[in-house]
Amino acid sequence: MRALNVLLSVLISLALAFGVLEVGLRLLGLGPQPSIQRFDEQLGWSKTPLARAKRTTREFDVTYEVNALGLRDDPMTSPKKPDGKFRVVMLGDSFVLGYTVDRRDLFVDLLEGWWKGEQRPIDVINAGTEGYSTDQEVLWLDRHGAEFAPDLVLLFPYENDLYWNAKTRYYRFPKPRFNTDGEKELRQLADPGAKSAFESTAIGALIAARFTGEKPVLWSIEERTLPMEWGAYFEPAPEFMQEAYDRTRGALIHLKGTCAELGAALLVVPIPNKASIHDSARESLESAVGWRSGEDGKPNWSADRPVETVIKLCRELSIPTLDPRASLRESAQDGTELYFQRDWHLNPAGNRAFARALHDGLDARGVFPPALAAQEKRDLPSAPEERHVPTVLFVFAGLWALISTMYALTYRDEPAWLGALKVGAMLALVFGIVIGGNKLLGLCPPALSSLFAIVFVVGVLGFVLYKLGRRLGTIVELFLAFTARGHWYLMPLVVVLLTVGSLLVVAASSPLIAPFIYTLF
């Protein structure tokens, strides 16, 4: 019986350590992201109707919702096109879905609002789905095109589509693909099942990313290891990219045929990498890829290559394209960042610039019939001002009221206003450390920010251990004594008391480090 109690003590201690590590990883932004996807036997996966999810990083905090038809769009009960409307269906991946921005900042909705302001009866359908490659976008139109009845189909391929168009799986999910002749490859897609409970934790997600298929696919070139998606940058193309280009061509052949059957016009708009627009991003990419010279002494790779490859394939198939790079570069000339720093997607400013490039480009090409010309000349509406009280202020006010009340009840001989002032000052310092530190980490290069956060936490905890000195031996001895005696039911209390007590001892003896310790709480 005693052995069982000792075992339970050890297991509870490990569970507590697991919980602390899990919370720490989530605070560092390394927790698993929510998903709105479900398995789809034809497409590999699709958005779950009426799903709602929230994504929060150091760069964005977005809640996105899916309507009853499985679209991130206005509420809809039927796919039928409204009478008198010209319908535009936009096909793409996460850029079109826009999970990094609110809908008011997404180019899809910006364009629709702009056209509406110009008195143009244009109805836009957002068919973007996170992680889709070109083949899945084409097959979505195959399945839903007739019911949505588009007059114009806009396809927005991104550079990683090229590589994944040749693959039968996208990480854990199976996916379809096309043969080079434009026919869908006949293959049954198997449901991978839901993630295990362990993989749904931050620790489990990190382990899965390190030791299972949930990790980047890499290839080696000239003593460097690069993501295989980056093969699209190189000329001549790596051998494994030739199949990708052939199957991409097959998907485009099928898309052209589908649009012809639907009686819809087709336009392909490749989305450029931010290294094609911003010098700083190009320099960062150059550092990662390295200088690789071709026979003429010039680099044999370019961040522009994927866009040029898509345009070349479309030209061979007589599919019209719109290249937004010149317009985006013009929008970035004044130093405006169009992409997130850590994330590779367009930020709100980038979505506005992209909406402008599409609006002006479509009109210049005469894509719309004369009856849809702007009845009232308007510019892109200004970005709406956010007028809401940040959640952090409610948290601050709640903690201030609670702790001030407890302080006043504990120290009755001290004026209540003085206690509230002390509590407010301490909370302001703690919140300043958390918010300011988070902002500073957001300004760091992506590869360094998480490292700095870990170094900070380890540094504070290391200082705590140093200040505890000989007390640390007493703490370990006490902990081992409780474990050896099998007092498993007391372990949570012991761990909490020892942790809090140790931190308070250090805080009391080191005023300079105290705010950082309070922040850890």
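As the structure is a computational prediction, the values presented were derived from the model and not from experiment.
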- Any idea which heavy atoms bring Pro49 and Val66 closest together, and the distance? CA-CG1, 4.1 Å
- Task: Taking the six-membered ring for Trp and the full ring for Phe, Tyr or His, determine whether the centres of Tyr99 and His345 are under 6.0 Å apart.
- Result: yes
- Query: Under 4.5 Å between any side-chain heavy atoms of Thr248 and Asp161, yes or no?
  - Reply: no
- Message: My understanding is that only residues two or more places apart in sequence, or in another chain, count here; which of them pass side-chain hydrogen bond (donor to acceptor under 3.5 Å, both in side chains) with Asp109?
- Response: Arg103
- Passing candidate, side chain to side chain donor-acceptor pair (under 3.5 Å) with Asn273, options Trp344, Tyr233, Trp230: Tyr233
- Message: Measuring only between side-chain heavy atoms, which start at C-beta, is Lys116 closer than 4.5 Å to Arg378?
- Response: no
- Could you walk me through whether Trp219 and Phe240 pass the ring-ring contact (aromatic ring centres under 6.0 Å, His included) test, one step at a time? CA-CA 10 Å; Trp219 63 299; Phe240 64 85; 5.1 Å; yes
- Given the options Leu155, Ile125, Leu111, Met90 meets side chain to side chain contact (heavy atoms under 4.5 Å, CB included) only with Leu111
- Query: Got a sec, which residues hit salt bridge (Lys or Arg N to Asp or Glu O under 4.0 Å) with Arg315, two or more places apart in sequence or on another chain?
  - Reply: none
- Note on the structure: Those residues at least two apart in sequence (or on a different chain) that pass ring pair (Phe, Tyr, Trp, His ring centres under 6.0 Å) with Phe368 are Phe86, Trp115
- Item | For Glu316, all residues meeting side chain to side chain contact (heavy atoms under 4.5 Å, CB included), sequence neighbours excluded | Arg249, Lys312, Leu313
- Message: I want to check something: taking the side chain as every heavy atom from C-beta on, are Val367 and Leu322 in contact at a cut-off of under 4.5 Å?
- Response: no
- Residues in side chain to side chain contact (heavy atoms under 4.5 Å, CB included) with Ser280, at least two apart? His278, Glu337
- Task: Could you tell me how the ring of Trp140 sits relative to the ring of His144: parallel (under 30°), tilted (30 to 60°) or perpendicular (over 60°)?
- Result: tilted
- Query: How close do Leu71 and Ala127 get, heavy atom to heavy atom, and via which atoms?
  - Reply: CD2-CA, 4.1 Å
- Applying ring-ring contact (aromatic ring centres under 6.0 Å, His included), run through Tyr158 and Phe95 and close with a yes or a no. CA-CA 8 Å; Tyr158 187 61; Phe95 279 90; 4.7 Å; yes
- How would you list, by chain and number, every residue that makes a side chain to side chain contact (heavy atoms under 4.5 Å, CB included) with Gln375, sequence neighbours excluded? Gln119
- For the student: nearest non-hydrogen atoms of Leu262 and Ala146, plus distance: CD2-N, 3.7 Å
- Task: Return the minimal non-hydrogen interatomic distance between Ser302 and Pro306, and the atom names on each side.
- Result: O-CD, 3.9 Å
- Could you check if a side-chain atom of Leu50 sits within less than 4.5 angstrom of a side-chain atom of Glu65, using non-hydrogen atoms only? no
- Step by step, would you call Ser331 with Leu338 a side chain to side chain contact (heavy atoms under 4.5 Å, CB included)? CA-CA 8 Å; Ser331 297; Leu338 304 184; 4.3 Å; yes
- Step through the shown structure and confirm whether more than 12 heavy atoms of other residues, nucleotides or ligands are within 6.0 Å of NZ on Lys184. yes
- Message: Suppose we screen for salt bridge (Lys or Arg N to Asp or Glu O under 4.0 Å). Which residues come up paired with Arg38, at least two apart in sequence or across chains?
- Response: none
- Does the side chain of Asn160 reach to within under 4.5 Å of the side chain of Asp93, using non-hydrogen atoms? yes
- For Asp61, all residues meeting side chain to side chain contact (heavy atoms under 4.5 Å, CB included), sequence neighbours excluded: Lys54, Thr56
- Message: Looking at Glu41, I'd like to know if its CD atom is crowded, meaning that more than 12 non-hydrogen atoms belonging to other residues, nucleotides or ligands lie closer than 6.0 Å.
- Response: no
- With sequence neighbours excluded, tell me which residues meet side-chain hydrogen bond (donor to acceptor under 3.5 Å, both in side chains) with Asp363. Arg120
- Note on the structure: Sequence neighbours excluded, the answer for salt bridge (Lys or Arg N to Asp or Glu O under 4.0 Å) partners of Glu243 is Arg177, Arg247
- Hey, is CD on Glu330 packed in by over 12 heavy atoms from elsewhere, all under 6.0 Å? no
- Query: Is it true that Lys175 and Asp135 have a side-chain N and a carboxylate O under 4.0 angstrom from each other?
  - Reply: yes
- Query: Do Phe156 and Phe107 pass the ring-ring contact (aromatic ring centres under 6.0 Å, His included) test, and can you show the C-alpha distance, the side-chain angles, and the key distance before you say yes or no?
  - Reply: CA-CA 12 Å; Phe156 298 91; Phe107 74 88; 5.3 Å; yes
- Item | Residue list, salt bridge (Lys or Arg N to Asp or Glu O under 4.0 Å) with Arg187, at least two apart or on another chain | Glu185
- Could you label the plane-to-plane angle of the Trp301 and Phe234 rings as parallel, tilted or perpendicular, counting under 30° as parallel and over 60° as perpendicular? tilted
- Which atoms form the tightest heavy-atom contact between Ala244 and Asn165, and what is the distance? O-CB, 4.3 Å
- Side chain to side chain, Leu97 and Lys47, heavy atoms closer than 4.5 Å: yes
- Task: Quick one: do Arg143 and Asp40 satisfy salt bridge (charged side-chain N to carboxylate O under 4.0 Å, His left out)? Show the steps, please.
- Result: CA-CA 12 Å; Arg143 179 196 288 185; Asp40 188 298; 2.6 Å; yes
- Item | Working for salt bridge (charged side-chain N to carboxylate O under 4.0 Å, His left out), residues Glu229 and Lys167 | CA-CA 11 Å; Glu229 296 175 356; Lys167 299 293 127 180; over 6 Å; no
- Task: State, with a plain yes or no, whether a side-chain heavy atom of Val153 is found less than 4.5 Å away from one of Leu267.
- Result: no
Run the side-chain donor-acceptor check on residues 75-83: report pairs under 3.5 Å with partners two or more places apart or on a different chain.
unit_1, atom_1, unit_2, atom_2, d
Ser78, OG, Lys80, N, 3.1
Lys81, NZ, Ala149, O, 3.3
Lys81, NZ, Asp151, OD1, 3.3
Lys81, NZ, Asp151, OD2, 3.0

- Item | Closest non-hydrogen atom pair, Ala355 against Trp114 | O-CZ3, 4.1 Å
- ring-ring contact (aromatic ring centres under 6.0 Å, His included) assessment of Tyr132 paired with Trp164: CA-CA 9 Å; Tyr132 268 12; Trp164 291 106; over 10 Å; no
- Message: Regarding Glu308 and Arg325, does a basic nitrogen lie under 4.0 Å from an acidic carboxylate oxygen?
- Response: yes
- Query: Would you call Asp304 and Arg329 a salt bridge, using N to O less than 4.0 angstrom?
  - Reply: yes
